[in-house]
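Inspection log for the structure reproduced underneath, given as structure tokens.
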Amino acid sequence: MIFEDGALLETAIDITFILLMLAIVVAFIRLVLGPSLPDRVVALDLITVLAVAFSALFAIAAEEPAFLDVAIALALIAFLATVAFARFAERRRLRAIASSKKAEEGS
């Protein structure tokens with residue numbers, strides 16, 4: 001057998017680390033170049049999900065379960081940030097509708 005004594009797991013972890021870092025770089029490029037605010041927010045949300053995956057993978061690689069707590073906390077913060085942005089976007093849309101109605105009534 002080619003992989004023995006956990007070498008398969010170590011190889012899979014190394015490959016996954018590389019793929020996660022590549023995905024974070026691509027998401028960061030989208031964050032910088034995103035043409036609109038929602039594109040940037042989705043890219044930032046993707047980066048936080050990838051950071052959660054990175055933390056969980058590191059917990060497996062280091063055999064340290066404390067990093068799973070970090071992953072859970074980061075996931076909770078990312079979820080709350082996404083909900084906050086959704087509320088902000090909805091309010092912004094409602095304000096735009098209200099201002100266009102006022103402009104129609106005024107003219």
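Since we're looking at a predicted model, the values are computed, not measured. All values below come from the heavy atoms of this structure, side chains included, with hydrogens, waters and symmetry mates left out.
Contact record, Arg30 with Pro35: NH1-CD, 3.3 Å, taken as the closest heavy-atom pair. Smallest separation of non-hydrogen atoms from Ala71 and Val52: O-CG2, 3.6 Å. Of all heavy-atom pairs between Ala43 and Ala27, the closest is CB-O, 3.6 Å. Nearest heavy atoms, Ala51 versus Leu74: CB-CD2, 3.6 Å.
The shortest side-chain heavy-atom distance between Leu37 and Phe85 falls under the 4.5 Å cut-off. Contact annotation: the side chain of Phe54 approaches that of Met21 to within less than 4.5 Å [non-hydrogen atoms, C-beta and beyond]. For the pair Leu76 and Ile72, the minimum side-chain heavy-atom distance is 4.5 Å or more.
Hydrophobic clustering, with ILVMFWY side chains joined whenever heavy atoms are under 4.5 angstrom apart, groups Leu9 together with Leu20. Residues Ile47 and Ile29 are members of one and the same hydrophobic cluster, defined by side-chain heavy-atom contacts under 4.5 angstrom among Ile, Leu, Val, Met, Phe, Trp and Tyr. Both Leu80 and Val83 belong to a single network of hydrophobic side chains, linked directly or stepwise wherever heavy atoms of I, L, V, M, F, W or Y lie under 4.5 Å apart.
Atom CZ in Phe28 sits 9.5 Å away from atom CG in Leu33 (nearest 0.5 Å). In this structure, CG on Leu31 lies 10.5 Å from CG on Asp39, to the nearest 0.5 angstrom. With rounding to the nearest 0.5 angstrom, the CD1 atom of Ile24 is 5.0 Å from the CG atom of Leu50. For the atom pair CD1 of Ile13 and CD of Glu10, the computed distance is 7.0 Å after rounding to the nearest 0.5 Å. Of the inter-residue distances, the one linking Glu64 atom CD with Asp69 atom CG reads 9.5 Å to the nearest 0.5 angstrom. Rounding to the nearest 0.5 angstrom, the gap separating the OG1 atom in Thr48 from the CG atom in Leu44 is 6.0 Å.
No side-chain donor-acceptor contact under 3.5 Å links Thr11 and Asp14.
The backbone N or O of Phe67 sits less than 3.5 Å from a side-chain atom of Ser55, completing a donor-acceptor pair.
Within 6.0 Å of the CZ atom in Phe17, the count of heavy atoms belonging to other residues, nucleotides or ligands exceeds 12.
Comment: Glu90 engages Arg93 in a salt bridge, judged by a side-chain N to carboxylate O separation of less than 4.0 angstrom.
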